[in-house]
Every structure is written in structure tokens, then in C-alpha cells.
Amino acid sequence: MKQKHIVTKIHLIISVLLVIPAACIYGFAPQYFLDISHQTIDERNFSKAIMGIYLAFSILWILGIFKRRFLSFALLSNVLFMMGLGLGRIISLVLDGTPSIIYVIGIFGELLLGFYGLWVLNSKYYKKM
């Protein structure tokens, strides 16, 4: 892969590698990794819906990695996804208190990937593609 392609797509690759496992954890086994225990079918259903959203976005990002015509959609959706998660977690941090360490790390990772995506959208690398 050329340098400009790596620069414009590396955060999509990282996102896919993180979000697909997170989706599966949320959907099938949150109690093993997070302080979450489903008490109702509605809670399980909600987690599976979140899993579906995560997997759907991951598919779009994979398409953006391999198909030029999907790259713009993949980049924009990744920025919105990551910034939305990061900002939502910041709101929770302020209103609800400090979550487990995995979520605190998530705040930084999500915002880093989101801001990197913004940088890519405004960079010379993306504009030359």
C-alpha cells in the first residue's frame, strides 16, 4: 500500500480491529470483560442492537479500506462514530462519575481516532487521492 493510502486508512484498520471484537463482547459476553450484567431480555436485546450497529459500521469501514468509492463515507462515518462515542463517554464521566479503566482508555482512543479522521479529511494525502 502506498504511503498516502496507509495514512488515510490506518485509523479505519485500527477501528475495525477494535470495534468488531467490542461488538462481539457487547453482544455475547459483556459480563466477562465489563461490569455489565443483563437482568432482562430487553437489556440483552439492547446489547445485540449495539453489536449490530458496531458491525454495520465496521463493514462500511472495510469497504472504505478496499474500495475507493466508499472511502469518503467510511472516513466521515468513522469520525462521527468515534467522536460520538468519545463525547458520550465524556458526558457520562461528568454526570455519572469515573467508569472502569477500559472505558477511560476508550475515551482517549475514540477521540484520538476521531481527530485523526478529521485530520485525514483535511489533509493533503486525502485530497490527492
[X]-[Y] co-clustered via ILVMFWY side chain contacts under 4.5 Å:
X: L112; Y: F115; value: no
X: F46; Y: Y32; value: yes
X: I50; Y: I41; value: no
X: I13; Y: Y54; value: yes
X: F108; Y: I90; value: no

Compile the donor-acceptor pairs under 3.5 Å between side chains in residues 91-104 and protein atoms, sequence neighbours left out, one pair per line.
| unit_1 | atom_1 | unit_2 | atom_2 | d |
| --- | --- | --- | --- | --- |
| S92 | OG | D96 | OD2 | 2.8 |

* Structure fact -> Sorted by chain and number, sequence neighbours left out, ring-ring contact (aromatic ring centres under 6.0 Å, His included) with F70 holds for none
List in chain and number order the residues that pass side-chain hydrogen bond (donor to acceptor under 3.5 Å, both in side chains) with [X], two or more places apart in sequence or in another chain; answer none if no residue qualifies.
X: Q39; value: S37
X: S47; value: H38
X: S72; value: Y126

* To do: Would you please name every residue forming a side-chain contact (heavy atoms from CB on, under 4.5 Å) with I20, sequence neighbours left out?
  => V16, L55, S58, I62
* Among all residues two or more places apart in sequence or in another chain, which pass the side-chain contact (heavy atoms from CB on, under 4.5 Å) test with I14? -> I10, L18, L113
* Asked: Tell me the side-chain hydrogen bond (donor to acceptor under 3.5 Å, both in side chains) pairs involving residues 109-119, sequence neighbours left out?
  -> R89-E110
With rounding to the nearest 0.5 Å, note down the distance linking [atom1] in [X] to [atom2] in [Y].
X: L75; Y: T8; atom1: CG; atom2: OG1; result: 7.0 Å
X: I6; Y: H11; atom1: CD1; atom2: NE2; result: 14.0 Å
X: R68; Y: H5; atom1: CZ; atom2: NE2; result: 8.5 Å
X: L71; Y: L63; atom1: CG; atom2: CG; result: 11.0 Å

Let me have the donor-acceptor pairs involving side chains of residues 76-86, under 3.5 Å, with sequence neighbours excluded, atom names and distances please.
| unit_1 | atom_1 | unit_2 | atom_2 | d |
| --- | --- | --- | --- | --- |
| S77 | OG | W61 | NE1 | 3.0 |
| S77 | OG | F73 | O | 3.0 |
| S77 | OG | A74 | O | 3.1 |
| N78 | ND2 | S15 | OG | 3.0 |

* **Heavy-atom side-chain proximity of K9 to V120 below 4.5 angstrom** => no
* Sorted by first residue and then second, give each salt bridge (Lys or Arg N to Asp or Glu O under 4.0 Å) pair with at least one member in residues 10-26; sequence neighbours left out. => none
* Asked: Tell me the salt bridge (Lys or Arg N to Asp or Glu O under 4.0 Å) pairs involving residues 46-64, sequence neighbours left out?
  -> none
* Structure fact -> Tightest non-hydrogen contact, residues A29 and F33, listed as O-CD1, 3.8 Å
